[in-house]
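For reference, the structure is listed below as structure tokens.
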Amino acid sequence: MRALLPLLALARPAAGHVPAVLEGELRVEDPTISQALYGCFETGREIYVVTLPMPRDFALPFELLVPHRASLREHRPRYAVAGPGLPLPTPDEAAALPWDLPAGWGAMVELDDATERAVIFEGFSRRVMWTTEPIALALAEGEHEVWIWSPEGTTGDFVLGFGVEEDFSGVDWGDMLSDWPSYGW
Amino acid sequence: MGTLWLLAAALAVGCGDTRQTEACRVYVDCIQALDLVQGRSTDLARFEAEGACWGGTTEGRDACDRACDQGLTWLQAHQEPLPEDCR
């Protein structure tokens, strides 16, 4: 465990996202602070829901990452950011969603269908990752949801990252260390 | 003396480019134009010229640049009507 401390000290300025483990549904109380949510498809049938109560009209980047491993080459989770004020998806994008959109909502649907997946080095977990590439979205004040699903039923790890501003004041470093197996696969 | 000037120049410039990228300049203009149409006031601070995107690592700067580019491309494909500043 002690060996991890210098690693975390290195990781914080490199990544900037507050890490958390994503299990089922999660409400992020302050989505204006950057977050990295570490999840895993155990069965491939899960649909993760992250609720973002935007306190004001706010623009921020989103990105979905998958560890760059041969065993995860076919693991391509999709995600959608849905909420009021966003444009409607195309018919193909709407058909790909796990659920119908609520009335008055639009969505950005990331189909992750590029032939060549982009690769980055993710600073916090110190791992090479496939990425959907970040996309900036301007969200209106009010509740939004991020839906993450595995369209082909593949299993494996993923990370949802969003935001830019750093604030580690609310981080429980003990929890973070105890959750390290979820971050540093 | 020449060495000192080089050192001073290096310190002034820093270790990476901290200027707002063209993609984010256009993205900010686009969202501000959309805000006028939609009656909104989007907080774009992180992408603006003095924003958090440009004060940290090169990786963070590149990620913001790609995010703006992707965000603008997505708006061009989905937003109706699309303000002139977004084209």
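The structure displayed is predicted, hence computed values, not measured ones. Convention: sequence-line order gives letters A, B, ...; per-chain numbering from 1.
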Contact origin within Cys24(B) toward chain A - heavy atom pairs under 4.5 Å: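 Contact with chain A involves no heavy atom of Cys24(B) at all.
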
Look at Val28(B), Thr42(B), Asp69(B) and state which one has the largest set of heavy-atom pairs under 4.5 Å with chain A.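 Going by pairs under 4.5 Å, I would pick Thr42(B).
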
Is the [atom1] atom of [X] crowded by more than 12 outside heavy atoms at less than 6.0 Å?
| X | atom1 | value |
| --- | --- | --- |
| Glu74(A) | CD | no |
| Arg45(A) | CZ | no |
| Glu143(A) | CD | yes |
| Arg56(A) | CZ | yes |

Determine the interplanar angle of the Phe41(A) and His75(A) rings, folded into 0 to 90°, and report it as parallel if under 30°, tilted if 30 to 60°, perpendicular if over 60°.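 It falls in the perpendicular class, over 60°.
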
Taking 4.5 Å as the heavy-atom cut-off, does anything in residues 70-80 of chain B contact chain A, and if so which residues?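 Residues Gln70(B), Gly71(B), Trp74(B), His78(B), Gln79(B) are the ones that qualify, each having a heavy atom under 4.5 Å from chain A.
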
Which answer fits [X], side chain, backbone, both or neither, if we ask what part of it has an atom under 4.5 Å from a heavy atom of chain B?
| X | result |
| --- | --- |
| Thr90(A) | both |
| Leu86(A) | side chain |
| Ala118(A) | neither |
| Ile120(A) | side chain |
| Glu141(A) | neither |

Can you check whether Tyr48(A) and Phe158(A) have ring centres sitting under 6.0 Å from each other?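 Yes, they do, as the ring centres are separated by less than 6.0 Å.
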
Can a salt bridge be assigned to the pair Arg27(A) and Glu25(A) using a cut-off of 4.0 Å between side-chain N and carboxylate O?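 A salt bridge is absent here (no side-chain N lies under 4.0 Å from a carboxylate O).
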
Taking Glu93(A) first and then Arg78(A), would you say they form a salt bridge - that is, a charged N and a carboxylate O separated by under 4.0 Å?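 Here Glu93(A) does not pair with Arg78(A) in a salt bridge, since their nearest N and O are not under 4.0 Å apart.
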
Flag the one option from Pro134(A), Pro89(A), Pro61(A), Gly106(A) with the top tally of heavy-atom pairs under 4.5 Å to chain B.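 Among the listed options, the one with the most contacts to chain B is Pro134(A).
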
Side-chain touch Leu37(A)/Leu26(A), heavy atoms, less than 4.5 angstrom: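 They are in side-chain contact.
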
Looking only at the side chains, is there a donor atom on one of Glu63(A) and Thr131(A) sitting less than 3.5 Å from an acceptor on the other?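 Per modelled atom types, Glu63(A) and Thr131(A) side chains form a pair under 3.5 Å.
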
